[in-house]
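This structure is a prediction, so every number in the text was calculated from the model and none was measured. Each ligand, and each atom within it, is numbered from 1 in the order the structure gives.
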Amino acid sequence: MPGWKELLSLDGGRMLQTLREFPEQIERALGLSCRVPNGVQGFKNAVVLGMGGSAIAGDLLARFATVPVTTVRDYVLPPWVNADTLLIAISYSGETEETLQAFREGLRRTKRAVALTTGGALAALCEEQEIPWVPVPPGLPPRAALAFLLFPILGCFARLGCLRENPSRVPAALRPLRDACLPEHNENPAQALAQALCGQIPVVYGAGITAPVAYRWKTQINENAKQPAYWMELPELCHNEIVGYELAGKLFPQGVVIFLRTAFDHPRVAKRVEILKEVLTARGLAFQEVWGQGEDALAQALWLVHLGDWVSFYLALLNGVDPTPVRPIQELKRRLKEP
Ligand code: F6R
């Protein structure tokens with residue numbers, strides 16, 4: 001098998017470069033939070049409108065905001081969205097039709113709104129309706145721009161007293177992980193995990209703050225490594241998915257469960273994980289456990305996001321594919337534009 005050095009030549013889209021810069025991107029992105037004016041304050045709830053790599057920012061925000069935040073991945077808004085709602089439209093390209101349509105509808109119900117985008121139709125709509133928008137640096141795959149799609153809003157919520165953590169602590173928590181995951185680093189945790197997952201079907205489990213992180217792992221493995229991956233959250237999976245273990249040993253021998261853990265797991269969730277490990281072992285199913293690091297819950301969640309991004313990157317190389325292109329997504333978007 002070729003070594004990592006040779007495999008890195010598959011990274012035609014230079015995903016490695018953006019992974020390397022993630023902690024510094026977060027610092028730059030926090031600097032952009034001043035582009036969200038204080039005029040939006042006074043909202044009672046917020047909806048994040050977005051899809052895919054842009055929408056995950058809403059899921060993460062929702063776990064740390066002290067006001068209700070809902071992510072809408074759809075053309076239509078929930079009926080409760082009104083003048084007390086802050087609309088946050090996130091679209092890296094600014095061209096995502098679901099996001100644009102929901103944003104247009106939302107602007108008829110509330111004047112509190114902001115967008116994060118590189119430009120496109122979303123920026124044009126904001127200019128036309130005099131809505132503030134945060135300019136996101138262009139030239140990245142949307143999923144690799146997470147720092148710029150999430151941290152300007154986290155910074156704004158922190159400033160307005162609507163966030164339960166300090167986002168400026170995150171870069172320091174991520175730097176040691178970034179350094180350990182660089183290709184030149186021996187005893188590399190991301191390479192080791194990617195090797196353990198190669199040829200397997202990852203099933204990523206999270207709970208509470210790590211539920212959106214588990215979903216991010218799943219989607220990053222799909223898009224970067226071009227392979228199936230699944231996710232689910234505790235405690236809900238203990239009420240349904242667990243029954244599927246009965247035949248999983250026979251029907252799903254390649255399944256590997258990955259438990260995402262933090263020091264902030266609910267004690268009853270922690271107990272459930274221990275029992276689940278025993279159930280999985282008894283059924284002959286493999287599992288891995290990964291613990292987030294950092295001094296607070298936000299840092300630990302982002303630590304796990306960053307590790308998952310690296311794991312999906314190395315898994316792509318082991319699968320012999322360039323992590324960056326997402327041809328099926330582009331093909332679908334192109335076909336939707338056909339008359
Ligand atoms: C991620 C990716 C997709 C897009 C999604 C929405 O890299 O390519 O998940 O994020 O199709 O597009 P944007 O983010 O441009 O609104």
Side-chain angles (χ1 to χ4, degrees), residues 11-19 21-22 25 29 32 47-61 71-77 87-106 113-126 131 133-153 204 212-231 305-306 308-313 315-316 321-337:
D11 181 27
R14 296 172 47 80
M15 186 68 79
L16 175 61
Q17 191 57 28
T18 60
L19 280 171
E21 291 169 356
F22 191 53
Q25 286 174 353
L32 288 172
V47 286
V48 174
L49 315 174
M51 301 301 301
S54 292
I56 191 70
D59 296 347
L60 289 163
L61 172 69
T71 309
V72 174
R73 294 174 165 87
D74 201 351
Y75 294 92
V76 291
L77 290 176
L87 294 178
I88 307 169
I90 308 184
S91 171
Y92 186 79
S93 61
E95 299 292 352
T96 299
E97 63 176 38
E98 300 94 318
T99 310
L100 287 165
Q101 189 163 325
F103 196 45
R104 280 194 198 98
E105 186 196 329
V114 62
L116 289 86
T117 184
T118 53
L122 182 56
L125 178 63
C126 289
I131 304 292
W133 64 281
V134 179
V136 171
L140 299 169
R143 63 192 181 282
L146 179 64
F148 297 107
L149 301 173
L150 173 63
F151 279 81
I153 289 295
V204 192
V213 185
Y215 182 60
R216 167 80 174 180
W217 275 58
K218 173 241 181 311
T219 59
Q220 287 290 84
I221 293 170
N222 293 151
E223 292 183 64
N224 289 344
K226 280 71 174 167
Q227 66 160 77
Y230 300 92
W231 81 289
V305 166
H306 194 43
D309 289 357
W310 279 105
V311 170
S312 66
F313 170 76
L315 197 51
V321 295
D322 181 345
T324 299
V326 284
R327 289 190 191 93
I329 298 177
Q330 286 159 346
E331 170 71 5
L332 194 94
K333 288 183 180 178
R334 190 188 61 71
R335 290 194 57 189
L336 278 164
K337 285 200 180 110

Report yes if the side chains of Arg143 and Leu146 come closer than 4.5 Å at any heavy-atom pair, otherwise no. no
If you have a sec, work out which protein heavy atom is nearest atom 6 (C) of ligand 1 and how many Å separate them, to one decimal? Met51 O, 3.4 Å
Does even one non-hydrogen atom of Lys333 get within less than 4.0 Å of ligand 1? yes
Got a sec, which residues hit side-chain contact (heavy atoms from CB on, under 4.5 Å) with Ile329, two or more places apart in sequence or on another chain? Glu223, Val326, Lys333
Which of the atoms of ligand 1 are close to Ser54, meaning less than 4.0 Å from one of its heavy atoms? 10 (O), 13 (P), 14 (O), 16 (O)
Only heavy atoms of Arg143, strictly under 4.0 Å: list the atoms of ligand 1 that pass. 1 (C), 7 (O)
With a cut-off of 4.0 Å, which atoms of ligand 1 are near a heavy atom of Tyr92? 13 (P), 14 (O), 15 (O), 16 (O)
Do the side chains of Trp217 and Val311 get nearer than 4.5 Å, heavy atoms only? yes
Over all heavy atoms of both residues, which pair between Lys218 and Val204 is shortest? Give the atoms and the distance, please. N-CG2, 4.5 Å
For atom 10 (O) of ligand 1, what's the nearest protein heavy-atom neighbour? Residue, atom name and distance, please. Gly53 N, 3.0 Å
Flag for Tyr75-Glu105: side-chain donor and acceptor within less than 3.5 Å: no
With heavy-atom distances below 4.0 Å as the criterion, list the atoms of ligand 1 near Ser91. 13 (P), 15 (O), 16 (O)
min-distance protein heavy atom vs atom 2 (C) of ligand 1 -> Glu223 OE1, 3.2 Å
What is the nearest protein non-hydrogen atom to atom 15 (O) of ligand 1, stated with its residue, atom name and distance? Ser93 OG, 2.6 Å
Arg73/Asp59 salt bridge by N-O under 4.0 Å criterion: yes
Take atom CZ of Arg335 as the centre, draw a 6.0 Å sphere, and report whether it contains more than 12 heavy atoms from other residues, nucleotides or ligands. no
Geometric N/O contact Gly52 with ligand 1, under 3.5 angstrom: no
For atom 13 (P) of ligand 1, find the nearest protein heavy atom and state the residue, atom name and distance (0.1 Å precision). Thr96 OG1, 3.2 Å
Matching residue for Leu149 among Leu140, Ile90, Val134 - test: side chain to side chain contact (heavy atoms under 4.5 Å, CB included): Ile90
